[in-house]
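Each ligand, and each atom within it, is numbered from 1 in the order the structure gives. Computed from heavy atoms alone, side chains included, the values below leave out hydrogens, waters and symmetry copies.
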Amino acid sequence: MNIINIADWGLNMGKRPYIISGPCSAETENQVIQTALELAKQPICMLRAGIWKPRTRPNAFEGVGEPGLPWLKLAGRTTGLPVCVEVASPEHVELALKYGIDTLWIGARSTANPFTVQAIADALRGVDIPVFIKNPVNPDLQLWLGAIERLYNAGIHKIAAIHRGFSVYGQHKYRNFPQWEIPIELRRLLPNIEILCDPSHIGGKRESLQEIAQFALNLDFDGLMIESHINPDAAWSDMAQQITPEKLGQILLELTKPEASTSDPIFLNKLENLRRNIDLLDFQVLDLLAKRMDLVKEIGAFKKENNITILQIERWAEIFKSRMALSNSLKIDSTFIEALINAIHQESIRQQTKIMNEKMTGLKKK
Ligand code: PEP
Ligand code: MN
């Protein structure tokens, strides 16, 4: 895929990290313009505002709709910043284009629905407009990729992705789980796609923004989309996560942006050496895992011969307990070891199940 980078969108957006900000929802003309004027004092490169809001339950504020588009356009003209709205249907696309909106974004609920994405893509055929594609609400990389492909196949090549986290049931530290491995995998599969992080919808609250934004920059994300409001406590949607433009400025000032690379030979040399050591250890770890799997298979055949069940719950309980104790004394994170031991155990069960299901030819039936 020949995706066009943000720097080449012809929107004069400056340098990465690209910062997009603006209210969750456009509420009134005054709110949009005042927020934009304050934002223009901060180092941001694009204004956002939701015009049609995908609300989980009915009877919540569902956006001002078409009347909000000229407010946003005026805010863009007044500040000299390009503007962005969410589109969730061909009608939204038609209206956004009618009012000369500069860029569009596809929201998480829409990305989850291939019919919706295809309808938006079809409505954009022949139009040259950049589109940001948020991850789907569910942690499904294929859906995210599929949405990017649908837009690309419709001729939209100015594409960037936005990571806004994944839905989770119940109360947690963050409103949506970041699952950073998913945008990282997207980067591996589509090396030239730029990815912005949306700390507002990941965190769901003001206090989390700094931490999530810094995490994203440490992972070399290309930019941030952060919700801001002239009076956040009175916001009609996503109140808890919106901040004033001034607060946004403070957050941005405190962020540090590590360099993605360097040509310093001393650094490169030392890094290279450390990486060789990692490579060596990884080979040893994998070699040991392969040996462990061989033993698992041998035990599987032995259990089958003797007509014994695969799962021996006392043995599993003992493995789990002793490995967790070991991780404790080795000072390795126990959540990580728990996930690792569970993964190894599941794979062992899968291998032994395969052996159990093989035909009994050559083996003595009991
Ligand atoms: C938004 O950006 O206001 C929004 C609705 O986001 P998401 O689609 O990520 O929930
Ligand atoms: Mn929002």
Check this for me: does any side-chain nitrogen of one of Arg275 and Asp279 sit under 4.0 Å from a carboxylate oxygen of the other? no

Which single N/O/S atom of Asp238 lies at minimum distance from the Mn ion (ligand 2)? OD2

Checking Met46, Arg164, Lys134, His163 against Met225 for side chain to side chain contact (heavy atoms under 4.5 Å, CB included), the one that qualifies is Lys134

N or O contact, Asp198 vs ligand 1, cut-off under 3.5 Å: no

Between Gln241 and Asp238, a side-chain donor and acceptor under 3.5 Å: yes

Near Lys134 (heavy-atom distance under 4.0 Å), the atoms of ligand 1 are 1 (C), 2 (O), 4 (C), 6 (O), 7 (P), 8 (O), 9 (O)

N or O contact, Asp238 vs ligand 1, cut-off under 3.5 Å: no

Does ligand 1 come near enough to Cys24 that some N or O of the ligand is less than 3.5 Å from an N or O of the residue? no

Taking just the N, O or S atoms of Glu227, which one is nearest to the Mn ion (ligand 2)? OE2

Would Arg109 count as a polar contact of ligand 1, with the cut-off being nitrogen or oxygen pairs under 3.5 Å? yes

Side-chain donor-acceptor contact under 3.5 Å, Glu227 with His201: yes

Heavy-atom gap Met225 to ligand 1 smaller than 4.0 Å: no

Below 6.0 angstrom between ring centroids: does that apply to Trp9 and Tyr18? no

Side chains of Glu254 and Gln250, donor plus acceptor under 3.5 Å: no

